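Just so you know, these numbers come straight off a predicted model, no measurement behind them.
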Amino acid sequence: MKIGVMSDTHGSLLYFEKALDILSECDVILHGGDILYHGPRNDIPEGYNPKGVISKINELNNIIIARGNCDADVDQMVIKHPIQSPYVMNQFGETRIIMTHGYTKSKEDTIQDAKNMGGDILILGHTHVKELYVDENLIVLNPGSTSIPKDGTHSVAIIDINQSEDEVNMEFNLLDINSGDVIHIN
């Protein structure tokens, strides 16, 4: 199973479409929040077109969305998919993925919550900075931002889960949505 992960699209149709191109072969897409509005602290992103993003999201039948700090009640009125908060929990075979935007609690408390929920993977957004690391048995992933990266690269992630009777193998790739290249982080 291929799981696409994006976050912090902030209303940019240009970068949302580029992200969808990279994630086109994914079985499901997880969106870590901050969908339509750029927020008062951010500049308007290139290709800002919230109505266009709404249209694209509503055409998808395989997207799961967490609520971000820039997402408002009115967003749920125009987006047909549930915008879930504070946590979204999904089970993919033996793999449990917990997703939250990550702005209501400290990172340490959020990680502990995911562990308490039996999570194998925790997906975060909010910081606009890519992260991929292991905290004890929990894999922590932040795909960065598609439209307003604070680390210089517009990005998404793909999680490839292969499960047999005996084991679960997972591969994680962070991808530059402008080039499609794999991003290596320390």
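Between Leu138 and Ala114, the closest heavy-atom pair is CD2-CB, 3.9 Å. Nearest heavy-atom pair across Ser12 and Ser147 is CB-CB, 3.6 Å. Contact between Pro143 and Met6 at its shortest, heavy atoms only, is CG-C, 3.9 Å. Contact between Ile148 and Pro45 at its shortest, heavy atoms only, is CG1-CB, 3.8 Å.
Contact of the Ile158 side chain with the Leu23 side chain is registered, since non-hydrogen atoms from C-beta on lie closer than 4.5 Å. No side-chain heavy atom of Asp21 sits under 4.5 Å from any side-chain heavy atom of Ile177. Within the 4.5 Å cutoff, the side chain of Val5 has no heavy atoms near those of the Val156 side chain. The closest side-chain heavy-atom distance from His31 to Ile35 is below 4.5 Å. Considering only heavy atoms from C-beta on, Asn90 stays 4.5 Å or farther from Thr95 through its side chain. For the pair Ile64/Gln84, a side-chain contact is recorded, criterion being any heavy-atom separation below 4.5 Å from C-beta on. For the pair Asp8/Thr146, no side-chain contact is recorded, criterion being any heavy-atom separation below 4.5 Å from C-beta on. With contacts defined as side-chain heavy-atom distances shorter than 4.5 Å, the pair Asn62/Asp27 does not qualify.
Annotation: the span from Asn178 atom CG to Ser155 atom OG amounts to 10.0 Å, rounded to 0.5 Å. From Thr9, atom OG1 reaches atom NE2 of His38 across 13.0 Å, with rounding to the nearest 0.5 Å. Note: Thr104 OG1 to Asp109 CG = 9.5 Å, rounded to the nearest 0.5 Å. Once rounded to the nearest 0.5 Å, the distance linking NE2 of His10 with OG of Ser145 reads 5.5 Å. One distance of note links CG of Asn49 with CG of Leu13; it measures 5.0 Å at 0.5 Å rounding. The CD1 atom of Ile161 sits 7.5 Å away from atom CE of Met1, with the distance rounded to the nearest 0.5 Å.
Checking side-chain atoms of Asn58 against main-chain N and O of Ser55 turns up no donor-acceptor pair under 3.5 Å. Side-chain atoms of Asn42 do not come within 3.5 Å of backbone N or O of Gly39 as any donor-acceptor pair.
Clustering ILVMFWY residues whenever any of their side-chain heavy atoms sit less than 4.5 angstrom apart, transitively, puts Ile29 in a cluster other than the one holding Ile159. Taken together through direct or relayed side-chain contacts under 4.5 Å among Ile, Leu, Val, Met, Phe, Trp and Tyr, Ile63 and Leu36 form part of one hydrophobic cluster. Val140 and Ile185 sit in two unconnected hydrophobic clusters of ILVMFWY residues. Membership requires side-chain heavy atoms under 4.5 Å apart, directly or through other members. Cluster membership check: Ile65 shares its hydrophobic cluster with Phe16, using side-chain heavy-atom separations under 4.5 Å among Ile, Leu, Val, Met, Phe, Trp and Tyr. Cluster annotation: Leu30 is not connected to Ile83 through the hydrophobic network of ILVMFWY side chains, with a link wherever side-chain heavy atoms come within less than 4.5 Å.
Among residues at least two apart or in separate chains, there is no ring pair (Phe, Tyr, Trp, His ring centres under 6.0 Å) pair with a member in residues 74-100. Applying the salt bridge (charged side-chain N to carboxylate O under 4.0 Å, His left out) test to every pair with at least one member in residues 160-177, sequence neighbours left out, gives these pairs: Lys2-Asp160. For residues 59-69, every residue pair satisfying the salt bridge (charged side-chain N to carboxylate O under 4.0 Å, His left out) rule, not counting sequence neighbours, is listed here: Arg67-Asp73. Under the salt bridge (charged side-chain N to carboxylate O under 4.0 Å, His left out) criterion, the residue pairs touching residues 44-58 are Glu17-Lys56, with sequence neighbours excluded. The salt bridge (charged side-chain N to carboxylate O under 4.0 Å, His left out) pairs that include a residue from residues 122-142 are Lys107-Glu131, Lys115-Asp135, Lys115-Glu136, Lys130-Asp151, where partners are two or more places apart or lie in different chains. Residues in residues 131-174 take part in these ring pair (Phe, Tyr, Trp, His ring centres under 6.0 Å) pairs, two or more places apart or across chains: Tyr15-His154.
The one candidate from Thr110, Thr100, Asp113 that meets the side-chain hydrogen bond (donor to acceptor under 3.5 Å, both in side chains) condition with Lys105 is Asp113.
Residues satisfying the side chain to side chain contact (heavy atoms under 4.5 Å, CB included) test with Asp43, not counting sequence neighbours, are none. Looking at residues two or more places apart in sequence or on another chain, you find no side chain to side chain contact (heavy atoms under 4.5 Å, CB included) involving Ser24. Residues forming a side chain to side chain contact (heavy atoms under 4.5 Å, CB included) with Val182 (at least two apart in sequence, or on another chain): Asn173, Leu175, His184.
When hydrophobic residues (I, L, V, M, F, W, Y) are linked wherever their side-chain heavy atoms come within less than 4.5 Å, the members clustered with Ile44 are Tyr37, Tyr48. With side-chain heavy atoms closer than 4.5 Å counting as contact, directly or through intermediates, the hydrophobic cluster containing Met77 also holds Val74.
Side-chain N/O atoms of Asn142 and Thr127 include a donor and acceptor closer than 3.5 Å.
At most 12 heavy atoms of other shown residues, nucleotides or ligands fall within 6.0 angstrom of atom CG in Asn137.
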Distance-only donor-acceptor hits, side chain of residues 116-126, under 3.5 Å, sequence neighbours excluded:
| from | atom 1 | to | atom 2 | distance (Å) |
| --- | --- | --- | --- | --- |
| Asn116 | OD1 | Gln112 | NE2 | 2.9 |
| Asn116 | ND2 | Gln112 | O | 3.4 |
| Asp120 | OD2 | Arg96 | N | 2.7 |
| His126 | ND1 | Asn69 | OD1 | 3.0 |
| His126 | ND1 | His101 | NE2 | 3.4 |

